[in-house]
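Indexing begins at 1, ligand by ligand and atom by atom, following the structure's order. Here, residue 1 is the first one in the sequence, and each next residue gets the next number.
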Amino acid sequence: MAALEKIVIGEKRVVTAWDVERIREDFPVLKQTVNGKPLVYLDNAASSQVPQVVIDRGSVYLEQEHSNIHRGVHYLSQRATTAYEGAREKVKRFINAREAKECIFVRGCTEGINLVMHGYGRKFVGEGDEVIISAMEHHSNIVPWQMLCEEKGARLRVIPINDAGELLLDEYDALLNERTKIVAVVHISNALGTVNPIKEIIARAHKQGVPVLIDGAQSAPHLAVDVQDLDCDFYVFSGHKMFAPTGSGVVYGKAEWLEKMNPFQGGGDMIRTVAFEKTTYAGLPNKFEAGTPAIASQIGLGAAIDYLESIGREQAVRYEHELLRYATEKISAIEGVRIIGTAREKASVLSFVIDEIHPHDIGTILDQEGIAVRAGHHCAQPVMKRLNVPATARASFAFYNTKQEIDTLAHAIERVIEVFA
Ligand SMILES: Cc1ncc(COP(=O)(O)O)c(C=O)c1O
């Protein structure tokens with residue numbers, strides 16, 4: 001079993017059973033105690049943890065390669081450039097992009113969506129046009145589009161959801177029309193865990209000639225993603241939610257769109273020639289990477305991809321699915337607990353409320369037990385409003401979590417209820 005063996009970066013192994021204890025050894029942060037209790041880290045949807053091999057790769061860059069990329073002819077700069085561009089090749093393979101130049105490095109999903117809003121939206125969306133999002137979007141896939149619509153006199157349209165937290169596809173069909181200029185939807189909702197039928201959503205938009213952006217912040221870490229098979233026009237994700245450092249992230253875009261789009265930011269590295277009269281821009285991907293990027297972080301993202309591939313991605317996904325099933329059964333059986341988000345297709349997120357107890361109080365008491373969950377609106381206020389809750393407590397899982405940790409969570413929730421009884 002790969003999970004029992006020493007994990008070698010880049011080497012693919014076949015996992016026949018998930019040895020979670022072996023996997024946990026790879027994550028130093030998990031070994032600590034919090035408030036005298038073993039840390040139970042269930043806030044993976046906010047940021048996941050980083051394996052030692054990724055930390056080590058960052059150290060190699062800082063200790064042996066630290067220098068600026070692209071512009072230098074010297075040894076260190078060439079090494080750093082090779083590592084940085086190597087990470088791009090890994091991203092290409094990971095999401096099955098046609099070409100590495102279709103993978104633009106950004107600081108994270110938020111910056112990526114803003115890049116598409118500026119590059120595509122400000123060029124192709126005009127007065128009276130429409131932008132479609134869904135009712136379960138993270139603020140980072142709402143606010144940029146709202147800003148665009150305000151600037152252009154365009155209209156934001158919203159695909160509604162049912163009480164389980166599933167998109168109403170008939171309503172989506174009714175929204176699509178000749179004024180629609182882009183559809184931007186989340187793959188997996190960070191607030192509810194709903195997995196949206198994005199292939200279908202993309203196909204329906206394409207029938208009308210409308211490009212689609214997928215917010216992959218929660219799917220890149222928890223599902224196998226093939227952008228060519230999905231046929232999405234843009235797919236955006238953050239490294240820090242997929243076992244890489246903060247400051248890393250990717251916008252995948254079809255080359256034909258990226259070529260037509262305006263640059264996002266101006267500055268060094270994104271130009272071909274600069275003169276006061278006129279500047280011409282570099283080709284892909286540099287056109288969208290102005291200034292010195294987060295070199296160490298993006299190299300770390302490449303290492304995280306190697307790590308994910310080495311442990312067996314399919315098995316990891318299957319294991320996380322089983323964890324979510326187990327957690328849903330355990331937590332929903334506790335009297336007074338209500339699960340928010342009961343879609344048929346879900347992944348890695350369990351949001352819940354407890355009668356008469358504010359989620360912040362739940363989070364605070366769980367923290368005393370060493371359990372990290374998130375409490376609040378999860379940067380998705382509109383979906384909270386739609387489901388008539390001001391906030392939820394959210395446990396979110398990764399392949400290093402265990403069923404024992406879920407048992408610990410369940411006992412701690414019972415304690416919360418006792419405290420407030
Ligand atoms: C679905 C979704 N989209 C976008 C984001 C924004 O990601 P970031 O803060 O890394 O830019 C998040 C972060 O929680 C998310 O869950």
Study note, to complete from the structure: among protein heavy atoms, the one nearest atom 4 (C) of ligand 1 is Ser140 OG, 3.1 Å
**Study point:** Nearest protein heavy atom with distance in Å, relative to atom 16 (O) of ligand 1
**Key:** Gln218 NE2, 2.8 Å
Study note, to complete from the structure: In this structure, atom 1 (C) of ligand 1 is nearest to the protein heavy atom Asp215 OD2, 3.5 Å
**Study point:** Distance-only N or O hit between ligand 1 and Glu111, under 3.5 Å
**Key:** no
Exercise for review: Give a yes or no on whether the ring-centroid distance for Phe105 and Tyr84 is below 6.0 angstrom.
Suggested key: yes
Review point. For atom 9 (O) of ligand 1, what's the nearest protein heavy atom and its distance?
Key: Thr110 OG1, 3.7 Å
Review point. Looking at Ser238, which atoms of ligand 1 are within less than 4.0 Å of one of its heavy atoms?
Key: 7 (O), 8 (P), 10 (O), 11 (O)
Exercise for review: Classify the angle between the aromatic ring planes of Trp257 and Tyr120 as parallel (below 30°), tilted (30 to 60°) or perpendicular (above 60°).
Suggested key: perpendicular
Review point. Without hydrogens or angle criteria, can the side chains of Thr392 and His378 be said to hold a donor-acceptor pair below 3.5 Å?
Key: yes
Check your understanding: Can His240 be said to touch ligand 1, with heavy atoms closer than 4.0 Å?
Key -> yes
Point to revise | Matching residue for His118 among Phe264, Phe124, Trp145 - test: ring-ring contact (aromatic ring centres under 6.0 Å, His included) | key: Phe264
Exercise for review: Could you tell me the separation between the OG1 atom of Thr328 and the CD1 atom of Ile339, rounded to the nearest 0.5 Å?
Suggested key: 6.0 Å
Review point. Salt-bridged, Asp306 to Arg57, with N to O below 4.0 Å?
Key: no
Review point. Parallel, tilted or perpendicular for Phe399 and Tyr307, by the 30°/60° rule?
Key: tilted
Practice item. Run the contact test for Lys241 against ligand 1 with a 4.0 Å cut-off on heavy atoms, strictly below, and give the result. Key: yes
Check your understanding: To the nearest 0.1 Å, how far is atom 15 (C) of ligand 1 from its closest protein heavy atom, and which atom is that?
Key -> His138 CD2, 3.3 Å
Exercise for review: Determine, using heavy atoms of Val186 and all atoms of ligand 1, whether some pair is separated by less than 4.0 Å.
Suggested key: yes
